[in-house]
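Position 1 is the first residue of the sequence, and the numbers go up from there.
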Amino acid sequence: MDILKISMFGISAVLLALILKSCRPEYSQYISIAVCILIFMFIGTKLNALIHYAQKMQDMVHLDHSYMEMILKMIGVTYVAEFASNICKDSGYQTIAGQIELFAKISILVLGMPVLLAFMEIIGELL
């Protein structure tokens, strides 16, 4: 199970960072950031399976390709923003983390606008 490997890797890194924090605090921060990046890269390998299943769902429901693409972009923005925000918070830069989160929220809103407009057009046609 991959989650066990990633969990043990994360816990080992935290323990190593705690040990180094007493004598070399800057190394503790570097370990934290490096582990986050490595885990994020491992997540990238799982994205292929996610994209494959999303394409299967799209074929089953016969959705417009642009809607499924939009949903995947929204999910991607969410995860990347959370990842970057957590690294900034861990480094002590909460203000930058907040700005990343705000930008992500606005990006998701912009990505969703075409769907909202299409929905409004359908409602307008019904009335």
Side-chain angles (χ1 to χ4, degrees):
M1 297 186 92
D2 292 333
I3 188 63
L4 291 175
K5 292 176 189 175
I6 293 298
S7 297
M8 293 305 294
F9 180 64
I11 291 170
S12 301
V14 166
L15 292 174
L16 180 61
L18 286 173
I19 292 170
L20 288 176
K21 194 171 192 171
S22 62
C23 59
R24 302 293 292 223
E26 64 275 6
Y27 289 157
S28 172
Q29 193 69 30
Y30 296 145
I31 289 173
S32 173
I33 291 172
V35 168
C36 287
I37 291 170
L38 288 172
I39 291 173
F40 191 74
M41 288 171 46
F42 189 76
I43 291 169
T45 63
K46 297 293 185 180
L47 287 178
N48 286 334
L50 178 67
I51 291 170
H52 175 71
Y53 290 126
Q55 287 173 342
K56 275 188 171 182
M57 288 181 353
Q58 179 183 352
D59 292 340
M60 294 170 111
V61 181
H62 304 293
L63 284 176
D64 186 14
H65 177 69
S66 62
Y67 291 132
M68 190 59 78
E69 184 179 310
M70 200 177 314
I71 290 170
L72 289 175
K73 282 182 183 179
M74 288 178 180
I75 292 170
V77 166
T78 303
Y79 283 123
V80 170
E82 184 178 352
F83 173 73
S85 175
N86 285 339
I87 286 181
C88 291
K89 285 178 184 175
D90 191 39
S91 300
Y93 294 97
Q94 284 79 11
T95 306
I96 295 173
Q99 293 300 315
I100 291 171
E101 291 171 358
L102 178 64
F103 184 80
K105 290 173 186 175
I106 291 172
S107 296
I108 291 170
L109 182 64
V110 168
L111 284 170
M113 276 300 172
V115 175
L116 183 61
L117 289 174
F119 181 67
M120 296 296 278
E121 286 176 8
I122 292 171
I123 288 176
E125 290 174 2
L126 293 175
L127 298 175

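- Using a 4.5 Å cut-off between side-chain heavy atoms of Ile, Leu, Val, Met, Phe, Trp and Tyr, with links allowed through other members, I37 and F42 fall into the same hydrophobic cluster.
- Residues passing the side-chain contact (heavy atoms from CB on, under 4.5 Å) test with V115 are Y67, M70, sequence neighbours excluded.
- For Y27, the OH atom sits in a loose shell: 12 or fewer heavy atoms of surrounding residues, nucleotides or ligands are nearer than 6.0 Å.
- Distance CD1/I122 to CZ/F119: 7.5 Å, rounded to 0.5 Å.
- Within the model, atoms CD1 of I31 and CD1 of I19 stand 9.5 Å from one another, a figure rounded to the nearest 0.5 Å.
- By the rule that hydrophobic residues join a cluster once side-chain heavy atoms approach within less than 4.5 Å of another member, L111 and M113 end up as members of separate clusters.
- Clustering ILVMFWY residues whenever any of their side-chain heavy atoms sit less than 4.5 angstrom apart, transitively, puts V80 in the very cluster that holds L38.
- Every salt bridge (Lys or Arg N to Asp or Glu O under 4.0 Å) that K89 has, sequence neighbours left out, goes to E101.
- For the atom pair C36 SG and D90 CG, the distance stands at 6.5 Å (nearest 0.5 Å).
- The shortest heavy-atom contact between M74 and I108 is CE-O, 3.8 Å.
- In terms of hydrophobic clustering, with Ile, Leu, Val, Met, Phe, Trp and Tyr side chains grouped at heavy-atom distances under 4.5 Å, F103 and V77 are assigned to different clusters.
- Residues Y93 and I87 are not in side-chain contact: their nearest non-hydrogen atoms beyond the backbone lie 4.5 Å or more apart.
- Of all non-hydrogen atoms in F40 and Y79, the two that sit nearest each other are CE1-O, 4.4 Å.
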side-chain contact (heavy atoms from CB on, under 4.5 Å) between F83 and I43, intermediate numbers included: CA-CA 11 Å; F83 173 73; I43 291 169; over 6 Å; no

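- Residue pairs meeting the side-chain hydrogen bond (donor to acceptor under 3.5 Å, both in side chains) criterion with at least one member in residues 106-127, sequence neighbours excluded, do not occur.
- Listed here is the closest heavy atom pair of I33 and S91: CD1-OG, 4.0 Å.
- Judged as a salt bridge (Lys or Arg N to Asp or Glu O under 4.0 Å), and not counting sequence neighbours, K105 has no contacts.
- Across all non-hydrogen atoms, the minimal contact from I100 to C88 is CD1-SG, 3.8 Å.
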For residues 5-18, which side-chain donor-acceptor pairs fall under 3.5 Å, sequence neighbours excluded?
from	atom 1	to	atom 2	distance (Å)
S7	OG	I3	O	2.7
S12	OG	M8	O	2.8

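- Take E82 and apply the salt bridge (Lys or Arg N to Asp or Glu O under 4.0 Å) test, not counting sequence neighbours, and it matches no residue.
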